[in-house]
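For reference, the structure is listed below as structure tokens.
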Amino acid sequence: MRERNAMQVAYARTKGKRYAETFRCPGGALCLDFCNSGQGMRGSRQEEWIPTYADLVDWLEAAGSLTESQALRLRTGGAEAPQAAQQLFKRAIAFREALARVLLARTEGRAPANEDLRLIDAEYARAAPFARLSATDDGFAWTLDCSAAELDAALRPLVESAVSLLTSERLARLRRCGNSTCYWLFLDETKNCSRRWCEMASCGNLMKVRRHRAAQRRSV
């Protein structure tokens, strides 16, 4: 419930941005929300929802994976080294797309491409120096070094979330929206694993209308 409330707050803060959809309809893991930010590029409009390094940092802060001070350091570092920031941004999008391909393959029962796994593995290794082990109410967790200012630190929460999901039992609950034109990924947390849509109010209703119209045409 706490995580859901945090996503609702993030949506309210970022409403008007295309990537706000990732907070309005969360996937259940940071890495899935990041993959879902590529929905615009996978659709017919070819629109990038996170178009710049600054937007990436804003998204990460809104998602709760960067503190305000961490985001400020990364924005300052990006402004001081714009070429490095652009390169980091391109790596982030390449990581997102590789991860999305791996996860989409999983939902379709296909083997992932080795080059996508290697890219994820490489980014995980590059981000490792920025990890710190912290105590939590439930035990322990990897967190981002609170003093990290290097631009590479921005990718640490994303790769940590991705590798954690890929190596956990939760991966069995990974689903893709049942609408063939929607690439939204989510974890099905229902007791009977019956969730089919990213959101019933959007794709769910759309598919119901399509089925109804198809039935009407068949009955004519």
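Treat the numbers as computed from the prediction; the structure is a model and nothing was measured.
Between Ala162 and Leu99, the shortest heavy-atom distance links the atoms CB-CD2, 3.7 Å. Nearest heavy-atom pair, Tyr124 versus Glu160, reported as atom, atom and distance to 0.1 Å: OH-OE1, 3.6 Å. Heavy-atom minimum distance, Ala127 versus Val159: CB-CG2, 3.6 Å. Smallest separation of non-hydrogen atoms from Ala81 and Leu151: O-CD1, 4.3 Å. Of all the heavy atoms in Ala62 and Ala10, the pair that sits closest is O-CB, 3.1 Å. Nearest heavy-atom pair across Ala63 and Leu30 is CB-CD1, 3.7 Å.
Under the 4.5 Å side-chain criterion, counting only non-hydrogen atoms from C-beta, Leu155 is in contact with Arg91. Residues Lys90 and Phe95 are not in side-chain contact: their nearest non-hydrogen atoms beyond the backbone lie 4.5 Å or more apart. Side-chain contact between Cys193 and Arg175 is present, with at least one heavy-atom pair separated by less than 4.5 Å. Side-chain atoms of Arg18 and Gln39, non-hydrogen and from C-beta on, never get closer than 4.5 Å to each other. Taking the side chain as every heavy atom from C-beta outward, Arg101 and Pro112 never approach each other to under 4.5 Å.
Arg173 places a side-chain N or O within donor-acceptor distance of the main-chain N or O of Thr190, the cut-off being under 3.5 Å. A donor-acceptor pair under 3.5 Å is formed between the side chain of Ser65 and the backbone N or O of Leu60. Side chain of Tyr53 to main chain of Ala79: no donor-acceptor pair is present (N/O by atom type, distance under 3.5 Å, no hydrogens or angles). Without hydrogens or angle criteria, Arg195 side chain to Cys198 main chain gives a donor-acceptor distance under 3.5 Å. A donor-acceptor pair is defined here as one N or O able to donate and one able to accept, closer than 3.5 Å; such a pair exists between the side chain of Arg176 and the backbone of Ser180. Arg110 contributes no side-chain N or O that, together with a main-chain N or O of Thr107, makes up a donor-acceptor pair within less than 3.5 Å. In terms of modelled atom types and a separation under 3.5 Å, the side chain of Ser161 and the main chain of Pro157 share no donor-acceptor contact. The closest donor-acceptor contact from the side chain of Trp184 to the backbone of Cys25 lies under 3.5 Å. The backbone N or O of Arg196 sits nowhere less than 3.5 Å from a side-chain atom of Asp188 that would complete a donor-acceptor pair. Distance alone, capped at 3.5 Å, places no donor-acceptor pair between the Asn36 side chain and the Thr22 backbone.
A salt bridge is defined here as a Lys NZ or Arg NE, NH1 or NH2 lying under 4.0 Å from an Asp or Glu carboxylate O, and Glu21 with Arg24 meets this definition. A salt bridge links Lys17 with Asp55: the closest approach of a Lys/Arg side-chain nitrogen to an acidic carboxylate oxygen falls below 4.0 angstrom. At a threshold of 4.0 Å, the pair Glu123-Arg96 does not count as salt-bridged, since none of the basic side-chain nitrogens sits closer than that to a carboxylate oxygen.
The local environment of CD in Glu68 is sparse, with at most 12 non-hydrogen atoms from other residues, nucleotides or ligands closer than 6.0 Å. Taking a 6.0 Å sphere around CD of Gln46, one finds it holds more than 12 heavy atoms contributed by other residues, nucleotides or ligands.
Annotation: the span from Thr167 atom OG1 to Leu165 atom CG amounts to 8.0 Å, rounded to 0.5 Å. Here OG1 of Thr67 is found 6.0 Å from CZ of Arg73. Values are rounded to the nearest 0.5 Å. With rounding to the nearest 0.5 Å, the separation of SG in Cys177 from OH in Tyr183 is 11.5 Å. With rounding to the nearest 0.5 Å, the separation of CD in Gln70 from CZ in Phe130 is 11.5 Å. Atoms CG and CZ, from Leu32 and Phe186 in turn, are 10.0 Å apart once rounded to the nearest 0.5 Å. Arg75 contributes atom CZ, which lies 8.5 Å from atom CG of Leu66 (distance to the nearest 0.5 angstrom).
Grouping the Ile, Leu, Val, Met, Phe, Trp and Tyr side chains by contacts below 4.5 angstrom, directly or via other members, places Val102 apart from Met41. In the hydrophobic cluster analysis, where Ile, Leu, Val, Met, Phe, Trp and Tyr join through side-chain heavy atoms closer than 4.5 angstrom, Tyr19 is grouped together with Ile93. Both Trp49 and Leu158 are assigned to one and the same hydrophobic cluster, defined by single-linkage of ILVMFWY side chains at heavy-atom distances under 4.5 Å. Cluster annotation: Leu104 is connected to Leu171 through the hydrophobic network of ILVMFWY side chains, with a link wherever side-chain heavy atoms come within less than 4.5 Å.
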Apply the test side chain to side chain contact (heavy atoms under 4.5 Å, CB included) to residues Arg170 and Ser164: give CA-CA distance (whole Å), side-chain angles for both, the deciding distance (0.1 Å), then the verdict. CA-CA 9 Å; Arg170 298 180 76 205; Ser164 294; over 6 Å; no
Evaluate the criterion side chain to side chain contact (heavy atoms under 4.5 Å, CB included) for residue pair Thr143 and Thr136; output intermediate values, then yes/no. CA-CA 10 Å; Thr143 58; Thr136 69; over 6 Å; no
Stepwise side chain to side chain contact (heavy atoms under 4.5 Å, CB included) check, Asp58 with Ile50: CA-CA 9 Å; Asp58 288 348; Ile50 301 180; over 6 Å; no
So Leu56 and Leu74, side chain to side chain contact (heavy atoms under 4.5 Å, CB included) or not? Walk me through it. CA-CA 10 Å; Leu56 173 65; Leu74 289 169; over 6 Å; no
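Identified under the ring pair (Phe, Tyr, Trp, His ring centres under 6.0 Å) test for residues 23-46, with sequence neighbours left out: Phe23-Trp59, Phe34-Trp59.
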